[in-house]
Structure formats: C-alpha cells, structure tokens
Student: 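Structure below; questions to follow.
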2 protein chains.
Amino acid sequence: MPYPATHKPQTRERILNSAAQLFTKNGYEGVSIDQVMAEAGLTRGAFYSHFADKSSLYAAAIQYASKERFRFYRAELTAGVSIERLIEGYLHPDHIKGRDMPCALAFLVSDISQREQQVRSTYTEVYKGLLQGLEHLGTDEKRERLACIAASVLMIGGVAIGRALDDEQITSDLLEACRAVSLQLLEPDQTL
Amino acid sequence: MPYPATHKPQTRERILNSAAQLFTKNGYEGVSIDQVMAEAGLTRGAFYSHFADKSSLYAAAIQYASKERFRFYRAELTAGVSIERLIEGYLHPDHIKGRDMPCALAFLVSDISQREQQVRSTYTEVYKGLLQGLEHLGTDEKRERLACIAASVLMIGGVAIGRALDDEQITSDLLEACRAVSLQLLEPDQTL
DNA sequence: GTCTATAGCAGGATAGAC
DNA sequence: GTCTATCCTGCTATAGAC
C-alpha cells in the first residue's frame, strides 16, 4: 500500500500552507504554481489532482490562512492576552514586514477585486468573520457594529498602507494613529 | 515638418492618461503595454520612445492620476464645496465602482509593495501630499497630524476594502462608518 | 515617432509513464 | 499521486523599415 489514506489530505494541507504563505506575501500574480509546489516539496504536475486551477487554490489559501489566524487569536485570548496587545501585534512593524503568516485581508485587499467571484466571496466571508470577532471580542455585550467596522478598516487599512509606504517614520506614525483610534472605537460602550 | 514640437509631449500625455485609467482600475499585472497603447491610439512599438519600461510608466501614471485628482479637489474647494461633501464623494459607491479616475492610493494599495523602489517612493510622495492636504483642508490652523493620518486610513482603507467586498449591504455600512469617523477626526480642534 | 515583425521567456494547463 | 515532457498563450522588449 504505497499511498495510505492519510497521504492525500496531508499533501493537500502542505500545498495549502505553502500557498497561503506565498500568496499572502506576493499576491496572486506574484506567485506561480511551480513555486507553491516546490515549497511544498512537489512538482507542478501533481497540482491538478488537488485543485481545479490556480484561482481555486487562491481562494482556498485565503480561507486557510484566515482560519490559522483566527485560531491563533482565540488561543491568545484564552491565555489572557488583552485586546490592546492583540491590536498592538496586528498594527506592528513585524506584521507589515510579513513575518510568519500575515493577514490576507490586509495584504491582498486590492488584489481581490481583480479576481473571480469565488475569490471575492471567500474574502467577504473572512471579513465578516473578523467583524463578528471584533463585535464580541473579550466582552459579553455586543459592540456597536459601525464602530467595529471603522476599527477593522483602521487595522486592515493601516497594515495595507503601511506596507506600501517607503518611509519608516511615516509608517510608524501611521501605526500609532491606527492603534489609538481603533482602540478607542473598541471601548465597550462606544457609539458613533 | 511631419512632427511638430508639440507632438511628442502630447502623445506622452495621451499615453499617461490611458495608463492612469487602466492601471488604477486593473493593477500593474492586470494591464499590458499593448492595452495602454491601444487605448491611446498607438501600437506597442511606439511605447519605448516615451518610457524606459513598464515599471517607469506605472510610477509616472500614479503620479499623473494623483495630480489630476488633487487639481479636481482644489477646484471643488475653490467652488465652495464643503469637506463633508468631498469625503462623501470619496467614500461613495460610485468611486468604488471606478467611475472616471479613481484614487490610485486606494485602488493600488496592496499592489505597491510588490513593485520596485521607484514605484513605492512615488506612492509615498503622493500619500504625503494627501496627508498635507488633509492637515490644511479648509482651515487656517493646522490639524493634528495623527488625526489626519487616521482619517486618511479610513478613506483609503474604506475604498480599498469596500472594493474587495462582494456584499452591497456591508460595503454600504462600511462607507457610512468610515465617513462618520473620518469626519469626526477632521473636526478642526480634534486631538487623539 | 510610429509602424510591423519577431525574439525570448514565463507560466497555466494537459498527457502519459510509473 | 506524483513525475517528466509538452503544448500553448500572453507578454516584455528589441530590430529595422518608413
């Protein structure tokens, strides 16, 4: 039995992990199937027995990356990390530089509208998940929706713009401003 | 005299205008030099007597689009249009849909970090211009820098994320939240 | 300055052996 | 399921005629 039943799912996961890392950092057009497969220790020919095409992989990778990220945040919260610290970690130079698995919502935001329906709808679902997370983050009562939306825009937008800029001083100021305002918006009884 | 002295600059301007429209809406990889030249009524061969390569054109197009946009805003302000109306126009579904010449800062934000130094530094200069505009917008005294940064992130991020999303209801809520918070941040005596 | 023609390459997708 | 080999397309960039 050369290929045990667990082999295929495991391989698929390896491909997804490789794709999530590469796509998030380099965008859809910035990554070839060759690269994804090489990173996963395979060759291009093997790809099409796991995914229909590049676009499907992209959508799946975004979902995968986000699940990993949500899992991480849940663990942090369980371990007693404060909201302030989580926001600080998100709006942080290390995140912008792409260490580990960065946030696909931020890194790919203007990549998405050029992709197919399937990709946009995946992105939208992930964004909804983040929004719901912010609404209930570390509190029993639900936060105001619009305040959470504005906070999410400051987080995602802050990382996206900070990544584009070429001037460390401005990026640093930008992160500081986004941290301050988003935290204020996430105060439990905040209303717009 | 088959080519008058005004011919080349005019042609260059036609190419830039075509490039600004196409690149802003479709990103760097989403546009070919063929398309840009065809839109300008020329063929690909003529391109390289105006620009060194595709990357240079991209940087020049971002600068061109932004100058057009700043010109537009100055005219609006001179005509007595309020800041509220300007923000409303920016954070508006029509802008997201790409009518006329959309804002390159928003539409290309996550495209930029994958390009060369030249492009990133152009983007950074344009962003600095917007920031300075916000600091002095319709007031004699200078607004607080961090408040203006946060407002700019809500504007750029709001358009970028709104464009990615596939759900009109959420996009509409998102634009509303960004309008409300950014306007609040631009109140003349606002401090963080 | 603009054209047509072409060189050269990268990458998506498929075929067929193992 | 994975491999190698191949087809095919699209694109940047250049050459050379007008």
Side-chain angles (χ1 to χ4, degrees), chain A residues 1-62 108 111 114-119, chain B residues 1-62 108 111 114-119:
Chain A
M1 197 203 278
Y3 295 114
T6 57
H7 188 211
K8 179 161 181 180
Q10 279 175 8
T11 303
R12 185 188 155 95
E13 173 113 2
R14 282 218 320 282
I15 297 172
L16 271 178
N17 192 65
S18 161
Q21 305 264 2
L22 288 167
F23 277 136
T24 302
K25 287 173 190 159
N26 305 312
Y28 183 77
E29 308 260 23
V31 178
S32 68
I33 294 176
D34 250 353
Q35 282 176 275
V36 172
M37 296 304 278
E39 184 73 22
L42 299 164
T43 58
R44 185 172 36 189
F47 172 72
Y48 293 91
S49 57
H50 291 279
F51 296 93
D53 52 23
K54 189 183 178 184
S55 186
S56 300
L57 174 65
Y58 189 61
I62 289 171
L108 300 176
D111 195 308
Q114 293 162 37
R115 308 275 88 81
E116 325 183 344
Q117 205 44 234
Q118 181 195 14
V119 175
Chain B
M1 198 202 276
Y3 295 112
T6 57
H7 188 209
K8 181 161 179 180
Q10 279 176 6
T11 303
R12 186 188 154 96
E13 173 111 1
R14 281 220 318 282
I15 297 173
L16 271 177
N17 192 64
S18 161
Q21 304 265 0
L22 287 167
F23 277 136
T24 303
K25 288 174 190 161
N26 305 313
Y28 183 77
E29 307 260 23
V31 178
S32 68
I33 294 175
D34 249 354
Q35 283 176 274
V36 172
M37 295 303 277
E39 184 73 21
L42 299 164
T43 58
R44 183 173 38 195
F47 172 73
Y48 292 91
S49 57
H50 292 278
F51 296 93
D53 52 22
K54 188 183 178 183
S55 188
S56 301
L57 174 65
Y58 189 61
I62 289 171
L108 300 177
D111 194 310
Q114 293 162 35
R115 306 277 87 81
E116 322 182 350
Q117 205 43 236
Q118 181 195 16
V119 174

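A, B, ... follow the sequence lines: proteins, then strands. Residue 1 opens every chain.
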Student: For B:E29, enumerate each residue passing the salt bridge (Lys or Arg N to Asp or Glu O under 4.0 Å) test, keeping only those at least two apart in sequence or located in another chain.
Tutor: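 B:E29 satisfies salt bridge (Lys or Arg N to Asp or Glu O under 4.0 Å) with B:R115 only.
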Student: Which whole-number value in Å describes the distance from A:R14 CZ to D:dT2 P?
Tutor: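 Value for this atom pair: 8 Å.
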Student: What protein N or O atoms touch nucleotides 4-6 of chain C N or O atoms at under 3.5 angstrom, if any, and at what distances?
Tutor:
unit_1, atom_1, unit_2, atom_2, d
C:dT6, O4, B:R44, NH2, 3.4

Student: Can you measure A:K54 atom NZ to C:dG12 atom P for me and round it to whole angstrom units?
Tutor: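 After rounding, the gap between these two atoms is 4 Å.
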Student: Near DNA chain C, under 4.0 Å by heavy atom, which residues of residues 24-36 of chain A?
Tutor: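 A:V31, A:S32, A:I33 - these, ordered by number, are the residues of the stretch whose heavy atoms sit under 4.0 Å from the strand.
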Student: Would you list the atom pairs, donor with acceptor, under 3.5 Å between side chains in residues 13-20 of chain B and any protein atom, with sequence neighbours excluded?
Tutor:
unit_1, atom_1, unit_2, atom_2, d
B:E13, OE2, B:Y64, OH, 3.3
B:R14, NE, B:A40, O, 3.0
B:R14, NH2, B:A40, O, 3.0
B:N17, OD1, B:Y64, OH, 3.3
B:S18, OG, B:V36, O, 2.8

Student: Considering just the side-chain nitrogens and oxygens of B:T11, establish if one lies under 4.0 Å of OP1 or OP2 belonging to C:dG1.
Tutor: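 It does not, given that no N or O in the side chain of B:T11 lies less than 4.0 Å from OP1 or OP2 of C:dG1.
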Student: Tell me which pairs pass salt bridge (charged side-chain N to carboxylate O under 4.0 Å, His left out) where either residue lies in residues 34-45 of chain A, with sequence neighbours left out.
Tutor: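 Passing the test, one end in residues 34-45 of chain A: A:D34-A:R44.
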Student: Please tabulate, one pair per line, all N/O donor-acceptor pairs under 3.5 Å involving side-chain atoms of residues 52-60 of chain B, not counting sequence neighbours.
Tutor:
unit_1, atom_1, unit_2, atom_2, d
B:D53, OD1, B:S55, N, 3.4
B:D53, OD1, B:S56, N, 3.0
B:D53, OD1, B:S56, OG, 2.9
B:K54, NZ, B:Y28, O, 3.0
B:K54, NZ, B:V31, O, 2.8
B:Y58, OH, B:D111, OD1, 3.3

Student: Once you round it to whole Å, what is the distance between C1' of D:dT4 and CG of A:L42?
Tutor: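 Those two atoms, CG and C1', are 14 Å apart.
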Student: Can you tell me the distance, in whole Å, between the OH atom of A:Y58 and the P atom of C:dG12?
Tutor: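 The answer, rounded to whole Å, is 13 Å.
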Student: Using the salt bridge (Lys or Arg N to Asp or Glu O under 4.0 Å) criterion, which residues pair with A:E116? Sequence neighbours excluded.
Tutor: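 Once residues adjacent in sequence are excluded, A:E116 has no partner under the salt bridge (Lys or Arg N to Asp or Glu O under 4.0 Å) criterion.
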Student: Measure from OH on A:Y48 to P on C:dG12 and round the result to the nearest Å.
Tutor: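 Taking OH of A:Y48 and P of C:dG12, I get 7 Å after rounding.
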